[in-house]
Every structure is written in C-alpha cells, then in structure tokens.
Amino acid sequence: MCGIVGYVGSKKAIDILLEGLTNLEYRGYDSAGVAVNVDGKVQLYKAEGKLQNLKDVVEKNYAEISKSTIGIGHIRWATHGAPSIINAHPHTCNCGKVAVVHNGIIENFKELREKLEKEGCTFRSQTDTETVAHLVASKFAKTKDLTEAVRLATKEIEGAYALCVIHQDVKDTIVATRRNAPLLVGLGENEYYIASDVPAIIQYTKKAMYLDDNQIVTVTPSSMKLIDIDNNPIQGKIETLPWEPVALSKMGYKHFMLKEIHEQPDVVRNVLSGKLRAMDEPITLKEVTLDKEKLKNLSRIQIVACGTSLHAAMVGKYIIEDFCGISVDVEPSSEYIYRKTITDKNTLVIGVSQSGETADTITAVRQAKAKGSHILIVTNRPDSTMAREADSLVPVYAGIEVSVAATKSYMAQLISFYLLAIYMAEIKGSMDVNELKDLKHELIVLPQKIEKVLAHKEDIQKCARAFSGSKDFIFIARGINYPTALEGALKLKEISYINATGYTAGELKHGPIAMLDETMPVLSILMKGKVYDKILSNSEEAKARNARMIALTDSSDTKLNELFDYIIRIPEISEILSPALAVVPLQLLAYYIAEFLGKDVDQPRNLAKSVTVE
Ligand code: M6R
C-alpha cells in the first residue's frame, strides 16, 4: 500500500526520495509525489500512475529540485478519492508552507474538514490526508513550533497514520509520527532518513530506530529528538537492521517472483536451522513463551490470517489437529473481527502474516488479547506491529519478499507450522516417536525435493503455455491439500487475472460440475495417501464432462496418462508434508501463465503487498 520516504542531510534529497520510493514500489500504488525545499520555498511534484511518470516530471526540473537537501516522498494507494495528481501526496495547507505525506486512514477527517473549512481552509483534494496539512498549519500559526503543531494535531486525529511533515519556515526539519502504521528513522552521518519500511533506506544505512505508537520524532541534519504525545522526552532504541541491500536485487531473474520461488530450498533450510537440530532432539522454538503446562491444557486454538497466510493457517490447522489432537479453528481476520470474540485464557490465538502489518489481522489479535488469550504471531517481520503485540513469536525468516504475490513467505509459514505442531506434540507427548523421526527426516530432505521440482520447470512452462489462453481454471484437492488448491488458484488469479477457484474435490458434484466443459481446465492435486483414489474418481467425473485435465502428482502410475491431458510429476513425499512441495509447481504455473500473458507479475493491478487498512 502507501509508502513514505523522508530525508534531511547534505545530499541531494530528490535522489534519495526517488530511490527509496522505487524500493517501496512493490507495495502497490497508483500515484506518487515529493515535496522539497528549494531556496526556502516548498515545491511539490506529483504524477499519476507508475513512479516513472514522477521521475519524468522530476527529470525536467532536476537542476532546480536537486538543490534541496530535505524532502518527503510518497507512493499512494487510493483510499479516499480516485488516483489522480490532485489526490496524490504530499498535501499542503492553504499557503503551501506545510507539506504532509501520510499512510493510513484518518477516520474523523470529515468532522475535522468541516471544522477547518469554517476556519477558512480551502480543500483541493478528496483525501483524508489534506486535513492533516491544514490542521498542522492551524496549530503552527498559534505555536510557531512544528513539533508542537504536529503533536497538538495528533491529539485531534483519530485513526491510523504514519505522517511525515515539513514546513517552509522551519529550516532543515522533518517531524514524523505514527499510530497503528509503521515508521522508522534511519541514522546516517549528519543525516536522517524516514521510511515506512526498511527497503526504502537499507542501501543508505543499517542503523535505525522504530517509532512506537504516539511517538513524535523531530530530525535535522545534526539532531534527533523523540517525545511522546504528552511531550515527555523518550530515549529511542537504535537497532541494526537485519537485511542486506542485495535482497532488493533480482539477481538475474526476470522477476522478483521467479527469484523468490527459487529461494525456497534455502528458505526451508533457514527456517529449520537452529530449531530442528537432530532427528532425536526435540524442536526448539526460543520465542514461544507459552508455559508448558498451559500448552498441555489448551482447549482450543484459533488462527487468524488473510490471503496466502490464511492458506498456510489452513494447513496449520490440519497438522496441529493431527499431531496434537487439539481442535483448531481458522478464520479470515476480516470476518473474525466483526463478530463476537469468543476466546479465553485457555485458547491460544495464532496470527499469521508475512508483513505483520495487515490491519485486519492486527485488530483480530488485539481483540483476542483483550479477552486474555495467549497471542502467538507467525511472521516474516519480527520488527512489525503484529510482532510487537505477540506474547510468543515464530519468526519465519524468509527474507524480504518483494513480489506482491507471496511465495517464499508461504513456504516459510508452512515449515514454521510443521515445527510448531511438532514442538507442541513433543510437549504433549501426543505423537509416536518413530513417526516424529520420519517427519523430521523428511523436513530435512525437503529442500532437495524442491530443487528437483525447480530443475524441471520447463515442463511446467510447457503446461503454462498450453493453458494460458484459458479464461477460467478450477483446482481440486482434498484434505491437507485443499489449502494448496486454494493457494494455486489465488496465485493464478492475482497475477494473471484468470478466474481461478479452488474446491474440495468432493464438492465438485454439488454445484461447480455444472460449469465443466472443454473450455474449463481442471487441475487435480493427486498426492499419494488416503484421499488419492477419491480425487482420482472426482477427476474421472470431470473428464466425463469434457474438462481439460491436468494432474499434479507424486505418483508414477502410468494409468494417469489416459485420464489427464497434462501431468506435472513431483518427487514422492508423505501426504502430511506434501503441501510444502505441491505448491511449488503451482507457483511456477501461475508465474509462467502470467508471463506468457505479458502481465505485470511483480506488481499486479489493484493489489498491495501489505494491506494496512481494514
Ligand atoms: O502480510 P500478510 O501475510 O498478512 O498479507 C495477507 C495477504 O494480503 C497476502 O497474503 C496476499 O493475499 C498476497 N498478495 C498473496 O499472494
């Protein structure tokens, strides 16, 4: 979604702003803008559409713009008002001296706008953000102090925000603050960076300070001052950012998505490292603080998540129930938060999120926390808002994921669920020792199996070419691979815009079968195990309706050749671990179809990498 970059120091601010925004592009946006201060005057440059359009505007005025050593920049994902130059950030007050960029939603913007209009403010955009510019200007008129003006403004603002503010008359100063939206300050030599996310600044500095809610930071080239909303000074914690700038390079791959799919063997190794040390040693999860007795007595587990993380949670349900015998409910966070929260201290609530910033999941875990549940967060971002809400944390260590379509983070979430389920089963003593050893061994050799799938990607490419003209797609599976079917369908629809749906194979004849004919491809996930024969029968039923059939299987049964038009074979794997292998060809299939269709694979239309609004 939206992204913020700010800079104050001695370098050309515009270069840093545009580079930072480029590194946030993956989040999804529809317009962009910057504000700089040239010869004591705030100047705005904005463009609709891709960042390149803004770069073209800047290019024409570069000599002038590059004089500024201070600036704020933004990419906007429209919430209030259409994507347009007028609605793009930064927004300014009447006289244009205050410039503001904002991530989040100001919930009481209508009331504030009415009040400010009565005071004489003229609004130009439909955004909620413009109210902040006018509000800060009105406070500044009284206080003549930008930090104080921002502080007083935030006392009146309701909702979620990360804000970055400059004022023409307050030389070389940026004031930034946050509530329920991430923001960090990067520290350089006589310079400071502000960013809504690490990739914007990682190539300049690894020293950073994360802001907490309601903290206000004021930076100049030579100083940084942090206060809370009641004007009390605060000592910020300076941290070393864990990423290397190289994470933002495609490393020779055509797209980040393809690179990230190929990183999955190493992601599995990373997740297992230090947690699964030997087959006869118990799993260690250092940051899971749930008391062992409490864990043994858990009556229920609830898992909340969205999108791909929800599919990982569904696999999690299957394995936790299987290994531990504890009943697990999985629900989209956006549903969980709008009904009665029925949970208690004997229920473990697990939030799953790649970004750790998904607004619905943050709200869901907060609601559960208020009811006394222990909150365990599975996330790729231990520095995120959600991680800060956690009683227990399972960091998944997939590394930065740039492609909007989640791939390696899904893999890392799945492996983390296997580790968590085994960890709990070992404490509860609910699993057979030999079964445990076999499973651990299979986890250790999983990366090699994924590598084998990746080594045969040309087969999947051929299949993708053959089916890239399809308007619709059905994925069927049963049991533990039903979430794999959902994830395969989600990947395909989000990057190729083909209408793809995942069904439990048994449901096919209760309605969806009516859609089947020669124009409808059906992909059956046929992994050897207890539901293999059942899915085979369901596939026969689909074939009898002339559907074009694709099998994804670990079976070498040659009889499948008669039934299926195309067979994607993967190495043999136990049914319980099969979701972690079966998803890889589906990611590749979606990728190659989207690539054949010439889609914007890494930044699909309308989508944002982290959905920070409910
Ligand atoms: O950051 P999160 O895992 O909480 O994000 C949840 C979804 O928005 C995300 O998985 C989305 O569905 C991806 N685009 C899937 O590829």
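Order of appearance sets the numbers: ligands from 1, and atoms from 1 within every ligand.
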For [X], counting its heavy atoms only, list the atoms of ligand 1 lying under 4.0 Å from any of them.
{"X": "Thr308", "answer": "10 (O), 12 (O), 15 (C), 16 (O)"}
{"X": "Ala405", "answer": "16 (O)"}
{"X": "Val404", "answer": "13 (C), 14 (N), 16 (O)"}
{"X": "Lys491", "answer": "15 (C), 16 (O)"}
{"X": "Ser309", "answer": "2 (P), 3 (O), 10 (O)"}
{"X": "Gly307", "answer": "10 (O), 12 (O)"}
{"X": "Ala406", "answer": "15 (C), 16 (O)"}
{"X": "Ser353", "answer": "1 (O), 2 (P), 3 (O), 4 (O)"}

Exercise for the section: Examine Arg269 relative to Tyr397 and say whether NZ or CZ is less than 6.0 Å from the centre of the six-membered ring and inside a 45° cone about the ring axis. Expected result: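 No, Arg269 does not lie over the aromatic ring of Tyr397.
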Problem - Arg605 and Asp600: CA distance, side-chain angles, deciding distance, salt bridge (Lys or Arg N to Asp or Glu O under 4.0 Å) verdict - result: CA-CA 8 Å; Arg605 68 183 183 201; Asp600 188 350; over 6 Å; no
Completion exercise
Under 4.0 Å between heavy atoms, the region of Glu357 that gets near ligand 1 turns out to be neither
Does any N or O of ligand 1 fall below 3.5 Å from an N or O anywhere on [X], backbone included?
{"X": "Leu607", "value": "no"}
{"X": "Gln354", "value": "yes"}
{"X": "Gly356", "value": "no"}

Could you find the nearest protein heavy atom to [atom] and give me its residue, atom name and distance?
{"atom": "atom 6 (C) of ligand 1", "answer": "Cys306 O, 3.3 Å"}
{"atom": "atom 14 (N) of ligand 1", "answer": "Glu494 OE1, 2.9 Å"}
{"atom": "atom 8 (O) of ligand 1", "answer": "Val611 CG2, 4.0 Å"}
{"atom": "atom 1 (O) of ligand 1", "answer": "Ser355 OG, 2.6 Å"}
{"atom": "atom 4 (O) of ligand 1", "answer": "Thr358 OG1, 2.4 Å"}

Practice task
Hey, could you give me each pair passing salt bridge (charged side-chain N to carboxylate O under 4.0 Å, His left out) that has a residue in residues 391-401? Not counting sequence neighbours.
Solution key: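 Output for this query lists Glu401-Lys609.
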Problem - Stepwise salt bridge (Lys or Arg N to Asp or Glu O under 4.0 Å) test for Asp197 and Arg381 - result: CA-CA 11 Å; Asp197 202 358; Arg381 296 294 300 267; 2.7 Å; yes
Could you tell me if [Y] and [X] have a donor-acceptor pair between their side chains, going purely by distance under 3.5 Å?
{"X": "Ser309", "Y": "Gln413", "answer": "yes"}
{"X": "Tyr161", "Y": "Arg179", "answer": "yes"}
{"X": "Asn180", "Y": "Arg366", "answer": "yes"}
{"X": "Glu451", "Y": "Gln264", "answer": "no"}

Fill in the blank from the handout: In short, ring pair (Phe, Tyr, Trp, His ring centres under 6.0 Å) pairs touching residues 475-501 with sequence neighbours left out are Phe473-Phe475
Exercise for the section: Determine, using ring centers only, whether His311 and Tyr410 are less than 6.0 Å apart. Expected result: no
Exercise for the section: Please state whether Thr361 comes within less than 4.0 angstrom of ligand 1, counting heavy atoms only. Expected result: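 False for this residue.
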Problem - Mutual orientation of the aromatic rings belonging to His80 and Phe109 [parallel < 30°, tilted 30-60°, perpendicular > 60°] - result: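 Judged by the thresholds at 30° and 60°, the geometry between His80 and Phe109 is perpendicular.
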